Engineer: 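If you scroll down you'll find the structure; I have some questions about it.
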There are 2 protein chains.
Amino acid sequence: MTGVRDREQRESREREGGDAAVTRVLVVDDEPQIVRALVINLRARGYRVDAAEDGAKALAAAAARHPDVVVLDLGLPDMDGLEVIRGLRGWTRVPIIVLSARHASDEKVDALDAGADDYVTKPFGMDELLARLRAAVRRAEPVAADTDDAVVNTADFTVDLAAKRVGRGGTDVRLTPTEWHLLEVLVRNPGRLVSQQQLLKEVWGPSYRTETNYLRVYMAQLRRKLEPDPARPRYFVTEPGMGYRFEG
Amino acid sequence: MTGVRDREQRESREREGGDAAVTRVLVVDDEPQIVRALVINLRARGYRVDAAEDGAKALAAAAARHPDVVVLDLGLPDMDGLEVIRGLRGWTRVPIIVLSARHASDEKVDALDAGADDYVTKPFGMDELLARLRAAVRRAEPVAADTDDAVVNTADFTVDLAAKRVGRGGTDVRLTPTEWHLLEVLVRNPGRLVSQQQLLKEVWGPSYRTETNYLRVYMAQLRRKLEPDPARPRYFVTEPGMGYRFEG
DNA sequence: GGCGACCGTCAAAGTGCCGTCAAGATCATT
DNA sequence: AATGATCTTGACGGCACTTTGACGGTCGCC
């Protein structure tokens, strides 16, 4: 009996948590120059890097190597980048950072809706990409604990997702249903850029996809109730043209 | 590996909450990638896993194998996921964890109302699913026997959950069965917001999910009998549009 | 520098929800 | 059958919340 249990523990250790010191990155792009630049820069900083030049190879590589983060160019030769995102999102929550050309705004929004975590416009600065990559990996680590004690803390307020309660400076903050729903969606995706359409669909329903003024009104309410300086948001950040982001 | 004798003993126990050394999981999903990912991960952690690709096979497998927990995707080809839940709930209390697509809020509520125990939104992190799976199995184990000293005190009244008595100012307060039932649900979740649907389902049954006026009437009764100032509730707080909350 | 897109702010109009009351309906007890 | 307690049902006023429209500011682009 104990022998069996030891073996189970050993196997479960080998599975994922074992050598977590090295972060594995999967780079997906069909332009060799970009791939080469990324590989060199990432390896120089201690990442372990795999590369794939099209969507099919990307999905295969992701399944085989279980990367910690994926950097994905949307313009691939064999399949739409959105298909790759959906293919990954069927079974994994690995952070996906999208590379997108500058004048393709819908493309980026669609990618976020499909489940991407963040985006970087091409041409990109290596420092910016590295910063977003670090942020994505960092927030992927703390795994959601039990259903009961789901509490998100910031320096200025506390959100208890289970009790549906928000505290600030010792007292409770009263939120309306819509305010709470909006806050919940944002807080459940910390650090991640959530598109306007995603928020509207989740809070108001699929038919309200274009009523972006609702978001402006309720974002203002939330900031007024929770931000220390509502005019200069620190926790609920606007990404113009894209969506909003909650910073823990 | 465990021998034939162990399995015979386990199956002869026949009880659902039995403390078998190996936890059996039934995975129900029509997407092969997801099934494969789950099977690999769960087996690596020592679970015994069966898989079913549609609702009919799921019900058959559940009847044949008596799993300790079911992981169920709501989007199945042959029948609605809710039908599967109801089919299971007709004869077993086995914990059911639902896999749900991201933007399907009502779906999740309906699943919980139908008798599911928990849900995980797809895409899911394997660690999160495993945590919820452990929690579900743990909850299913014999939990009883802490009903002894279940007494909740406030400055104005006392609720004895074991004796089913409520005291206020030295004398007993007389509550009708429905009033007591409602009070009990609220007091058992101190500080937590309990949704209207949850209260209605618990006190009146699942089919009364929309009769919110019952809640208004009986909340008024409770407040009249227990609150020092019924017009300004201190212990039974209304969260407009969401539900009620008992403040200890 | 002008122009347009986008965001934040505000306040008024509209809507739905909650608390309250009271009268039927149902049930238990005698 | 009668009585009293409990549960259901409907109506209504008040108020909180949502919706809607208008205005001004900022940023990027031509």
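As a basis for the values below, the full set of heavy atoms in this structure was taken, side chains included, without hydrogen atoms, waters or symmetry mates. Worth saying up front: this structure is predicted, and the values here are computed from it rather than measured. Lettering follows sequence order; numbering is per chain, from 1.
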Engineer: Please determine whether a side-chain nitrogen or oxygen atom of A:Thr178 lies at a distance below 4.0 Å from atom OP1 or OP2 of D:dT18.
Structural biologist: yes

Engineer: Can you name the nearest heavy-atom pair linking B:Leu76 to B:Leu72, along with the distance?
Structural biologist: CD1-CD1, 4.0 Å

Engineer: Can B:Arg132 and B:Asp117 be counted as an ion pair, charged N to O under 4.0 angstrom?
Structural biologist: no

Engineer: Rounded at 0.5 Å granularity, tell me how far OG1 in A:Thr176 sits from NZ in A:Lys225.
Structural biologist: 5.5 Å

Engineer: Measure from OH on A:Tyr218 to P on C:dC7 and round the result to the nearest Å.
Structural biologist: 18 Å

Engineer: If the threshold is 4.0 Å, N to carboxylate O, is there a salt bridge linking A:Arg165 and B:Glu247?
Structural biologist: yes

Engineer: Take atom CZ of A:Arg174 and atom C1' of D:dT18, then tell me their distance rounded to the nearest Å.
Structural biologist: 16 Å

Engineer: Measure CD/B:Gln221 against C1'/D:dA5 and give the value in whole Å, please.
Structural biologist: 12 Å

Engineer: What class does the angle between the rings of A:Tyr214 and A:Trp204 fall in, given that below 30° is parallel, 30 to 60° is tilted and above 60° is perpendicular?
Structural biologist: tilted

Engineer: Between B:Glu211 (CD) and D:dC7 (P), how many Å, whole number?
Structural biologist: 16 Å

Engineer: Between D:dC17 atom P and A:Glu179 atom CD, what is the distance in whole Å?
Structural biologist: 8 Å

Engineer: B:Phe246 and B:Phe236: aromatic ring centres closer than 6.0 Å?
Structural biologist: yes

Engineer: To the nearest Å, how far apart are B:Leu182 CG and D:dT8 P?
Structural biologist: 12 Å

Engineer: What nucleic acid atoms does A:Arg232 come within less than 4.0 Å of, heavy atoms only: base, sugar-phosphate, or nothing?
Structural biologist: nothing

Engineer: When you check the phosphate oxygens OP1 and OP2 of D:dC7, does a side-chain N or O of B:Trp204 lie under 4.0 Å from one of them?
Structural biologist: no

Engineer: Tell me, for nucleotides 13-22 of chain C in 5' to 3' order, what letter each nucleotide earns: B for a base near a protein heavy atom under 4.0 Å, S for only sugar-phosphate near one, - for neither?
Structural biologist: ----SBBBB-

Engineer: For D:dT18, does OP1 or OP2 lie under 4.0 Å from any side-chain N or O of A:Thr176?
Structural biologist: yes

Engineer: Quick check: closest heavy atoms across A:Leu183 and A:Val166, and the distance to 0.1 Å?
Structural biologist: CD2-CG2, 3.8 Å

Engineer: Taking only side-chain N and O atoms of A:Tyr214, does any of them lie within less than 4.0 angstrom of OP1 or OP2 on D:dT18?
Structural biologist: no

